[in-house]
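Data first, discussion second: the structure below is written as structure tokens.
One-based numbering, in listed order, for ligands and for the atoms of each. Heavy atoms only: backbone and side chains are in, while hydrogens, waters and symmetry mates are out.
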Amino acid sequence: MIALACDHTGLELKAYIAGMLDEMHLEWKDYGTYTPESCDYPVPGARAARAVARGECQRGILICGTGVGIGIAASKIPGIRVCTCSDVYTAELSKRHNDSNILTMGARVVGPDLARMIARHWLEAEYEGGRHARRVDLIARLEKGEVLEGE
Ligand code: RB5
């Protein structure tokens, strides 16, 4: 299950991405916003991020004007690793190396076809583990408030 969310700037792009998920036969759930009225991106962002953190959704794709605000909000939820991205390379590597579980994009930054390509690469990429697992584990320890050796 893929969590989708956006603020008022991202409604159209979210619908486009949902269409792509349908074509890929991937299930998705929309955590809002649902109307064009101005809304505060941390609310739908956190709602979707919590669904990913709880394991109800395996990944999330979140959209605001730049992708930054909703990404910062989502990354406050423990267990969430956000990739805010406008290129295919970063999207793919963020899954392979960083095990990103939320992708955010800016509806005012990327066009629909690029967004679709980014999302597809990210969804098809797999976490490689190995040497990357140690680093992702260090990130988890930071989240718990630990001070890392050598810091
Ligand atoms: C809304 O105007 C805009 O600030 C928001 O969509 C987002 O870009 C914030 O990061």
Side-chain angles (χ1 to χ4, degrees), residues 1-24 26-127 132 135-136 138-146 148 151:
M1 182 72 72
I2 309 294
L4 294 179
C6 67
D7 72 358
H8 52 286
T9 68
L11 276 176
E12 215 173 309
L13 185 55
K14 183 177 68 177
Y16 195 67
I17 295 293
M20 183 198 78
L21 295 176
D22 288 340
E23 285 168 23
M24 293 175 77
L26 291 174
E27 287 189 317
W28 52 271
K29 189 168 174 187
D30 187 355
Y31 289 87
T33 190
Y34 308 104
T35 65
E37 279 80 55
S38 181
C39 91
D40 297 330
Y41 54 79
V43 177
R47 211 183 284 137
R50 287 189 204 282
V52 173
R54 283 196 299 264
E56 292 163 17
C57 295
Q58 286 68 54
R59 303 189 191 204
I61 300 177
L62 280 45
I63 298 159
C64 67
T66 59
V68 173
I70 206 161
I72 292 173
S75 67
K76 299 299 177 192
I77 305 301
I80 294 302
R81 291 174 299 279
V82 172
C83 171
T84 297
C85 161
S86 52
D87 71 279
V88 167
Y89 180 84
T90 307
E92 184 176 323
L93 268 286
S94 80
K95 172 44 83 177
R96 287 171 49 190
H97 289 189
N98 316 115
D99 199 18
S100 60
N101 49 15
I102 288 199
L103 169 70
T104 74
M105 295 185 285
R108 293 171 174 164
V109 179
V110 292
D113 286 345
L114 177 56
R116 187 186 161 99
M117 210 177 278
I118 290 168
R120 183 179 279 271
H121 273 256
W122 183 70
L123 288 164
E124 289 176 349
E126 300 216 354
Y127 178 47
H132 305 295
R135 296 158 186 168
V136 172
L138 288 170
I139 294 172
R141 286 167 57 184
L142 284 174
E143 200 172 62
K144 288 184 193 140
E146 284 186 39
L148 302 180
E151 185 187 326

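- Here the side chain of Tyr16 pairs no donor or acceptor atom with the backbone of Lys14 at under 3.5 angstrom.
- With no hydrogens or angles considered, no side-chain donor-acceptor pair links Asn98 and Ser100 at under 3.5 Å.
- Within the set Cys64, Gly10, Gly106, the minimum heavy-atom distance to atom 7 (C) of ligand 1 is found for Cys64.
- Between Asp7 and ligand 1, at least one pair of N/O atoms sits closer than 3.5 Å.
- Of all protein heavy atoms, the one lying nearest to atom 3 (C) of ligand 1 is Arg108 NH1, 4.0 Å.
- None of Arg135, Arg59, Arg81 except one satisfies the salt bridge (Lys or Arg N to Asp or Glu O under 4.0 Å) rule with Asp99; the exception is Arg81.
- Seen from the ring of Tyr127, Arg96 does not count as a face-on cation partner, given the 6.0 Å and 45° thresholds.
- The shortest N or O to N or O distance between Gly65 and ligand 1 is below 3.5 Å.
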Per-pair distances, 0.1 Å, donor-acceptor, side chain in residues 62-78, under 3.5 Å, sequence neighbours excluded:
| from | atom 1 | to | atom 2 | distance (Å) |
| --- | --- | --- | --- | --- |
| Thr66 | OG1 | Val68 | N | 3.0 |
| Ser75 | OG | Gly71 | O | 3.3 |
| Ser75 | OG | Ile72 | O | 2.8 |

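- For ligand 1, one of its N or O atoms has an N or O atom of Gly69 under 3.5 Å away.
- Of the listed options Val68, Thr84, Thr66, Ile70, Thr66 places a heavy atom closest to atom 8 (O) of ligand 1.
- Near Thr9, the atoms of ligand 1 lying under 4.0 angstrom from a non-hydrogen atom of the residue are 6 (O).
- Glu56 has a carboxylate O that lies under 4.0 Å from a charged side-chain N of Arg54, or vice versa, which qualifies the two as a salt bridge.
- Looking only at protein heavy atoms, the nearest one to atom 4 (O) of ligand 1 is Tyr41 CE2, 4.5 Å.
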